[in-house]
Amino acid sequence: MGLFSKKKKEAFVCPMTGILHPMEDVPDPVFSEKTMGDGFAVELTGTEVKAPVSGTITAAFPTGHAFGITTKDGMEVLIHIGIETVALNGAGFEIKMKQNDTVKQGDVLVAVDVEYLKEQGKSLYSPVIFTGGQTVELLKTGSVQAGEENIIKIQ
């Protein structure tokens, strides 16, 4: 009895389609030196960034370039789209979620005009940072799809 009542813990999924890289490869020392925390980066090729976990949007920059999500169990994930994209003042980003919104895994956070970012000379490396002190082990590199499981191990 009660065998199936325990809910399976939600697996972390990739928030965007692109090329998965270790954090050390990000062309910005704030991220590559893990100043804000461990994680990984996706060189964005898709046009949407989605919630990798369910939770609450605890940070949503008005420029649309970064989102923080906190899960029910307290894990904090920061998704930063591109490098130095804050300088675009929101151009190239169509925001779908705002601070304090509740999100389900897979909900679209922002639509990104990848070609516009390229035209502006911005790097499409998009760090995904675990700001609560977790360590991250990459289980794969190379091409990934939004929603893909088993890309990292969080410790």
query = So Asp113 and Thr47, side chain to side chain contact (heavy atoms under 4.5 Å, CB included) or not? Walk me through it.
reply = CA-CA 6 Å; Asp113 185 341; Thr47 58; over 6 Å; no
Decide yes or no for [X] and [Y]: does some side-chain heavy atom of the first lie under 4.5 Å from some side-chain heavy atom of the second?
| X | Y | answer |
| --- | --- | --- |
| Ile81 | Phe67 | yes |
| Ser54 | Thr71 | no |
| Ile83 | Lys122 | no |
| Glu137 | Ile152 | no |
| Ile19 | Val144 | no |
| Val112 | Leu124 | no |
| Val103 | Met97 | yes |
| Glu148 | Thr17 | no |

Criterion side chain to side chain contact (heavy atoms under 4.5 Å, CB included) on Lys153 and Thr135, from CA distance to verdict = CA-CA 8 Å; Lys153 182 178 179 183; Thr135 57; over 6 Å; no
Between the main-chain N or O of [Y] and the side-chain N or O of [X], is there a donor-acceptor pair closer than 3.5 Å?
| X | Y | answer |
| --- | --- | --- |
| Gln120 | Leu117 | no |
| Lys140 | Ser143 | yes |
| Asp38 | Val136 | yes |
| Gln105 | Pro52 | yes |
| Ser126 | Glu43 | no |

request  = May I ask you to decide whether Lys98 forms a salt bridge with Asp101, counting only side-chain N to carboxylate O separations under 4.0 Å?
outcome  =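 Yes.
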query = Between Glu48 and Lys96, is the closest basic N to carboxylate O distance under 4.0 Å?
reply =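 No salt bridge links Lys96 with Glu48.
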Is it possible for you to say whether [X] and [Y] belong to one hydrophobic cluster, with membership spreading through side-chain heavy-atom contacts below 4.5 Å?
| X | Y | result |
| --- | --- | --- |
| Ile57 | Val110 | yes |
| Met16 | Ile129 | no |
| Met36 | Val128 | no |
| Ile154 | Leu20 | yes |
| Phe93 | Val114 | yes |

ring-ring contact (aromatic ring centres under 6.0 Å, His included) assessment of His80 paired with Phe31 = CA-CA 10 Å; His80 191 285; Phe31 299 112; 5.0 Å; yes
message = Rounded at 0.5 Å granularity, tell me how far CG in Asp73 sits from CE in Met75.
response =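 Between atom CG of Asp73 and atom CE of Met75 there are 6.5 Å.
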query = For the atom pair CD (Glu94) and CG (Leu109), what is the distance rounded to the nearest 0.5 Å?
reply =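 These two atoms lie 13.0 Å from each other.
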query = Ring centres of Phe12 and Phe130 under 6.0 Å apart?
reply =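 Yes; Phe130 has its ring centre under 6.0 Å from that of Phe12.
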request  = Assert yes or no for the condition that the ring centre distance of Tyr125 to His21 is strictly below 6.0 Å.
outcome  =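 That pair passes the under 6.0 Å test.
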How close do [X] and [Y] get, counting heavy atoms only, and between which atoms?
| X | Y | answer |
| --- | --- | --- |
| Ile69 | Gly55 | CG2-CA, 4.1 Å |
| Val26 | Pro127 | CG1-CG, 4.1 Å |
| Gly106 | Lys50 | O-CD, 3.5 Å |
| Ile95 | Pro62 | CD1-O, 3.3 Å |
| Gly92 | Tyr116 | CA-CD2, 3.8 Å |
| Val108 | Ala111 | CG1-N, 4.5 Å |

request  = Verify side-chain hydrogen bond (donor to acceptor under 3.5 Å, both in side chains) between Glu76 and Thr58, making sure each step is shown before the conclusion.
outcome  = CA-CA 9 Å; Glu76 297 173 351; Thr58 48; over 6 Å; no
Other residues, nucleotides, ligands: >12 heavy atoms within 6.0 Å of Glu84 CD =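 Count not over threshold, so no.
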Side chain to side chain contact (heavy atoms under 4.5 Å, CB included) evaluation trace for Ile151 with Leu139 = CA-CA 5 Å; Ile151 60 163; Leu139 299 179; 5.8 Å; no
key: Full working for side chain to side chain contact (heavy atoms under 4.5 Å, CB included) between Ser32 and Asp25   = CA-CA 6 Å; Ser32 63; Asp25 289 358; over 6 Å; no
